[in-house]
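Below is one structure; the comments refer to it alone.
One-based numbering along the sequence shown. Quick caveat, the model's predicted, so the values are computed rather than measured.
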Amino acid sequence: MPAHDPYLVPLTEGVHAYVQPDGGWCLNNAGFVSDGGETLLVDTAATERRARRLREAVLASGAPLPRLLVNTHHHGDHTYGNAVFTPDAMVVGHDSCRAEQLAAGHQLHLIWPQTDFGDISIAAPTVTYSERLTLHVGGVEVRVLHPGVAHTTGDSIVHVPERDVVFTGDLIFQGGTPFLPTGSLRGSLRALELLRSLDAGTVVPGHGPVTDPSAYDATERYLRYVGELAREGRAKGLTPLETARQADLGEFEAWRESERLVANLHRAYAELEGLPDGSPLDLATVFGDMAAMNGGVPVECHA
């Protein structure tokens, strides 16, 4: 399905979301906070071309180019475009986000070799934190919080309390299926409790349209569904792929990237086996099983 044009959503005074439909593989959201004199950008995009389009959107809004850029996690769809904004922007992220980004390198090129990512140089965070960090955009306070291992080991939530807005990164996929292989099922449930505690009325997910806190409930139902499937499947001696093939998705059937169920079951099985949150999985097996769930066709990068 062809992707539609990205669009800018004015959320409240000085805060915008940048949404890339259809929100599928490699079509993430970004956003920015500006007081007219300074700008903080949240995430970039998967390709040079898309990152330059984001850059144009920031300028078209009347905001200056960012001096601060926060990465919500290391995945290339949220970070590959960093170099379009550096060295003028300082990249901020969790300690593990920096380590993971440097270790991953051009990982998306390996997963989707046919995609034209453009001239991508890895620009990892140069300022890192461990638990929480407060940034100031003029007079606007921006809180950056680490929820623990969740979508990845190095996630950041970006909360703008005075504006009642939270950028969740890939802790939330609005209308899409969560993706847990590089993180934790139980950690993702804990992250939802942190998000709820912030009490932000406007929720900018990592993928999909801008939403509200009801997204937390839907995500929790899915995560608990995955956990129960894993317990039942493992008890029967089934592999994650066998369990996924027998599953009834129910209310989650309409969510994009339903093939991620098997990837999430791999993580859930690992936790049932006692492996630590965020422990590495065999991504070749994970993506191979998703291809099997996708009619035998590898998942497609939409960027």
So which heavy atom on Gly227 is nearest to which on Leu185, and how close?
-> CA-CD2, 3.7 Å
Donor-acceptor pair, His146 side chain versus His94 backbone, under 3.5 Å?
-> no
Kindly determine whether Ser156 and Phe167 satisfy side chain to side chain contact (heavy atoms under 4.5 Å, CB included), including the steps that lead there.
-> CA-CA 9 Å; Ser156 289; Phe167 294 87; over 6 Å; no
Would a hydrophobic clustering, with Ile, Leu, Val, Met, Phe, Trp and Tyr connected at side-chain separations under 4.5 Å, put Val210 with Val203?
-> no
Are side-chain N/O atoms of Thr44 and Asn82 paired as donor and acceptor at under 3.5 Å?
-> yes
If you measure from the Lys or Arg side-chain nitrogens to the Asp or Glu carboxylate oxygens, is any gap between Arg260 and Glu257 under 4.0 Å?
-> yes
Tyr225 and Phe252: ring-ring contact (aromatic ring centres under 6.0 Å, His included), yes or no, with the steps?
-> CA-CA 10 Å; Tyr225 161 78; Phe252 314 114; 5.4 Å; yes
Member of Asp43, Asp155, Thr152 meeting the side chain to side chain donor-acceptor pair (under 3.5 Å) criterion with Thr72 | Asp43
d(Asp77 CG, Cys301 SG) to nearest 0.5 Å is 8.5 Å
In sequence, state the C-alpha distance, the side-chain angles, and the governing distance for Tyr80 and His109, and then conclude on ring-ring contact (aromatic ring centres under 6.0 Å, His included).
-> CA-CA 11 Å; Tyr80 259 19; His109 289 67; 5.4 Å; yes
Atom CG of Leu281 and atom OG1 of Thr182: how far apart are they, to the nearest 0.5 Å?
-> 8.5 Å
Would you name the heavy atoms of Leu283 and Pro181 that are closest together and state the gap between them?
-> CD2-CB, 4.3 Å
Do Asp289 and His266 have side-chain N/O donor and acceptor atoms under 3.5 Å apart?
-> yes
Look at the side-chain heavy atoms of Ile, Leu, Val, Met, Phe, Trp and Tyr, link any pair under 4.5 Å apart, and say whether Ile111 and Ile122 land in one connected group.
-> yes
Report yes or no: is the cationic atom of Arg256 (NZ for Lys, CZ for Arg) closer than 6.0 Å to the six-membered ring centre of Trp25, at no more than 45° off its axis?
-> no
State, yes or no, whether a side-chain contact exists between Leu69 and Val92 at a heavy-atom distance under 4.5 Å.
-> no
Please determine which of Phe179, Phe173, Tyr222 meets the ring pair (Phe, Tyr, Trp, His ring centres under 6.0 Å) test together with Trp255.
-> Tyr222
Residue of the set His151, His78, His75 for which ring pair (Phe, Tyr, Trp, His ring centres under 6.0 Å) holds with His207 | His78
Side-chain donor-acceptor pair present, Thr243, Tyr269, cut-off under 3.5 Å | yes
Linking I/L/V/M/F/W/Y whenever any side-chain heavy atoms sit under 4.5 Å apart, do Val204 and Val70 land together?
-> yes
For Ala45 against Asn28, the heavy-atom pair lying closest together = CA-OD1, 3.7 Å
Rounded to the nearest 0.5 Å, what separation is found between the CE atom of Met293 and the CG atom of Leu265?
-> 8.5 Å
Is a side-chain donor or acceptor of Glu271 paired with a backbone partner of Arg186 at a separation under 3.5 angstrom?
-> yes
Spacing of Leu229 atom CG and Arg224 atom CZ [to the nearest 0.5 Å] = 14.5 Å
Value for CG (Leu275) from OG (Ser184), rounded to nearest 0.5 Å, stands at 11.0 Å
Do the side-chain N and O atoms of Asp95 and Thr128 include a donor-acceptor pair separated by under 3.5 angstrom?
-> yes
Do Val297 and Val299 belong together in a cluster built from hydrophobic side chains that touch within less than 4.5 Å?
-> no
So, His4 versus Asp22: side-chain donor-acceptor pair below 3.5 Å or not?
-> no
Using 4.0 Å as the upper bound for N to carboxylate O, is an ion pair formed by Arg53 and Glu56?
-> no
Would you give the length of the straight line joining atom CZ of Phe117 to atom CD of Glu48, rounded to the nearest 0.5 angstrom?
-> 12.5 Å
Would you check if Arg196 and Glu220 make a side-chain contact, meaning some heavy-atom pair closer than 4.5 Å?
-> yes
salt_bridge(Arg190, Glu193) N-O dist < 4.0 Å = no
Hey, does the side chain of Arg163 reach the backbone of Glu13 with a donor-acceptor pair shorter than 3.5 angstrom?
-> yes
Answer whether the closest heavy-atom distance between the side chains of Ile157 and Val144 falls below 4.5 Å.
-> no
With no hydrogens and no angle check, is any side-chain donor or acceptor of Asp164 less than 3.5 Å from a backbone partner on Gly201?
-> yes
Do Glu100 and Thr153 have a side chain donor and acceptor closer than 3.5 Å?
-> yes
Going by the side chain to side chain contact (heavy atoms under 4.5 Å, CB included) test, name the single residue among Val15, Leu40, Val33, Leu135 that passes it with Val140.
-> Val33
How far apart are the closest heavy atoms of Glu141 and Pro161, and which atoms are they?
-> O-CD, 3.6 Å
Would you please test Val160 and Val166 for side chain to side chain contact (heavy atoms under 4.5 Å, CB included) and show each step?
-> CA-CA 6 Å; Val160 193; Val166 64; over 6 Å; no
Of all heavy-atom pairs between Ala303 and Thr47, which one has the smallest distance, and what is that distance?
-> CB-CG2, 3.9 Å
Tell me whether Leu8 is reachable from Val137 by hopping between hydrophobic residues (I, L, V, M, F, W, Y) whose side-chain heavy atoms are closer than 4.5 Å.
-> no
Gln20-Asn29 side chain donor-acceptor pair, cut-off 3.5 Å = no
